[in-house]
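Some notes on the structure that comes next.
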Amino acid sequence: MDLSSKLAERTVFVTGADGFVGSHLVDTLVEYDANVHVFVRATSSGELNNIRHHSENVTVHRGDLRDKHSVERALSALEGHSDSLIFHLAAQAHVGESWERPYETVDSNVVGTLNLLQSVVDLDLDIAKFDTAGTSEEYGNVRDEVRDHHDFVDDGRVLLSERSPVNPTSIYATSKLAADFLTMNYYDAYDVPTVTTRMFNNYGPRQNPRYITGTIISQALKRDHVELGNLTPKRDMCYVEDGVRGHLHVALGGNPGEQYVYGYGENISMQEWTDTILRVGTEEGYWGDPEIVQDEDRYRPGDSDVEELLVGHEKLTKETGWEPEVGWEEGIRRTIEWYAEHEHRWIGRVDWR
Ligand SMILES: C[C@H]1O[C@H](OP(=O)(O)OP(=O)(O)OC[C@H]2O[C@@H](n3cnc4c(=O)[nH]c(N)nc43)[C@H](O)[C@@H]2O)[C@@H](O)[C@@H](O)C1=O
């Protein structure tokens, strides 16, 4: 898909633009000369670093997704732009933290999404697409009573796709599933041209060091051991720039009212992911041979762990041509390089003692 010709001069509104995936999306939108509006928390300061380099190229709207008034005021910037796109990426996105801050998680993720959707209706905006970023966490674990409803590939792995039953196992995942359905409700009831993207794990530069990849790299760069929790769960790890291209392909080529699932297309256990990161960092000379220390305090309640999963992104690939382009080792190299060169951006936010 020729993103450049489809994005030039187009008005695009991004929530969560100062976050990890959002800031990479803004990079791409600015590169392709879109007219970018970003919605960020009124109190956001540190994270604005992620898009500070675009201060000349984007219009910043400050507010709070939980405050309908501020959402509506910001979205009014889209009035008269009938080809505009909305990317809703803002969320309280940390699974572990959703147990510590349950009300804030539901407020931000559910009420926040509702406020955006209802504002589009109240302002009578004539937009081209509204993309709500959902998550693979909505699948949770495979429950025995719905096992028969799952698809499997020949080697016995569970194939997770748009057809798969959901089973969210955390407050975060349940809040995102609610947001997904609210988004679809507004297509069914009001014809808002929505799409929902169910994305598997992203990793890359600027990711908060509290997620597994940053937790590993930040510790390996600073000390001789890496403290981690449960490393048996498997994840599909997708480099952030591939994730961002996926959102753009869905918004520009997907069908309104539909859902698109995507990820790298291979799973890896967190043990293997840790080993790979540590090996690549050793080979590149960033560290010696850090020891892995398992800390039971880091184990999470209800951690999702689909025993053997495979992400089926056939629908997105068939309809829009999207494919992941960055392999794990290359993505890991780029990520370590960013962490090594930007210690001041993450050192105050690490999740290790
Ligand atoms: C798609 C989905 O992707 C992400 O959710 P997540 O998979 O929970 O991400 P994570 O990097 O926090 O954990 C990955 C796995 O690694 C295990 N794990 C072990 N030891 C540590 C550890 O020390 N820290 C962390 N963070 N995880 C650890 C942890 O228990 C889990 O099994 C979010 O972006 C979320 O927003 C989202 O939507």
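Just so it is clear, the values below take in all heavy atoms, side chains as well, and ignore hydrogens, waters and symmetry mates. Numbering of ligands and ligand atoms starts at 1, following listing order.
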Tyr211-His94 aromatic ring centre distance below 6.0 Å =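 So the answer is yes for these two rings.
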
Geometric cation-pi criterion Arg198 and Tyr139, 6.0 Å radius, 45° cone = yes

Once you round to the nearest 0.5 Å, how far does [atom1] of [X] lie from [atom2] of [Y]?
{"X": "Asp351", "Y": "Ile212", "atom1": "CG", "atom2": "CD1", "value": "10.5 Å"}
{"X": "Phe200", "Y": "His313", "atom1": "CZ", "atom2": "NE2", "value": "10.0 Å"}
{"X": "Leu117", "Y": "Thr194", "atom1": "CG", "atom2": "OG1", "value": "7.5 Å"}
{"X": "Thr135", "Y": "Asn201", "atom1": "OG1", "atom2": "CG", "value": "7.0 Å"}

Hey, is ligand 1 close enough to [X] that some N/O pair sits below 3.5 Å?
{"X": "Gly229", "result": "yes"}
{"X": "Ala93", "result": "yes"}
{"X": "Tyr172", "result": "yes"}
{"X": "Arg300", "result": "yes"}
{"X": "Thr135", "result": "yes"}
{"X": "Thr213", "result": "no"}

Measure the distance from [atom] to every protein heavy atom, then report the residue, atom name and distance (to 0.1 Å) of the closest one.
{"atom": "atom 32 (O) of ligand 1", "value": "Asp303 OD2, 2.8 Å"}
{"atom": "atom 34 (O) of ligand 1", "value": "Tyr211 CE2, 3.7 Å"}
{"atom": "atom 28 (C) of ligand 1", "value": "Ile212 CD1, 3.4 Å"}
{"atom": "atom 4 (C) of ligand 1", "value": "Asn201 ND2, 3.5 Å"}
{"atom": "atom 26 (N) of ligand 1", "value": "Arg210 O, 2.7 Å"}
{"atom": "atom 23 (O) of ligand 1", "value": "Arg298 NH1, 2.7 Å"}

SB check [X] [Y] (cutoff 4.0 Å):
{"X": "Arg279", "Y": "Glu283", "answer": "yes"}
{"X": "Glu266", "Y": "Arg157", "answer": "yes"}
{"X": "Glu241", "Y": "Arg334", "answer": "yes"}

Close approach of Lys176 to ligand 1, heavy atoms, under 4.0 angstrom =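 Checking ligand 1 against Lys176, which is what was asked, there is no heavy-atom contact under 4.0 Å.
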
Hey, does the side chain of Trp322 reach the backbone of Asp242 with a donor-acceptor pair shorter than 3.5 angstrom?
-> yes

Of Lys234, Gln294, Met270, which has the heavy atom at the shortest distance from atom 16 (O) of ligand 1?
-> Met270

Between the candidates Asn230, Asp236, Leu228, which shows the shortest non-hydrogen contact distance to atom 19 (C) of ligand 1?
-> Asn230

What do we get for Arg235 next to ligand 1 when only non-hydrogen atoms under 4.0 Å count, side chain, backbone, both or neither?
->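 For Arg235, the contact with ligand 1 is made by the side chain alone.
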
Counting heavy atoms only, which part of Thr215 comes closer than 4.0 Å to ligand 1: side chain, backbone, both or neither?
-> side chain

With heavy atoms of [X] as the reference, note each atom of ligand 1 found under 4.0 Å away.
{"X": "Pro233", "answer": "32 (O)"}
{"X": "Glu137", "answer": "2 (C), 7 (O)"}
{"X": "Ser136", "answer": "1 (C)"}
{"X": "Val95", "answer": "5 (O), 8 (O)"}
{"X": "Met199", "answer": "1 (C)"}

Are Val195 and Met1 connected in a single hydrophobic cluster, I mean Ile/Leu/Val/Met/Phe/Trp/Tyr linked by side-chain heavy atoms less than 4.5 Å apart?
-> no

In terms of ring plane angle, is the pair Tyr262 and His247 parallel, tilted or perpendicular, where the classes change at 30° and 60°?
-> perpendicular

Check whether more than 12 heavy atoms from other residues, nucleotides or ligands sit under 6.0 Å from atom NZ of Lys68, and answer yes or no.
->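 Counting other residues, nucleotides and ligands, NZ of Lys68 exceeds 12 neighbours.
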
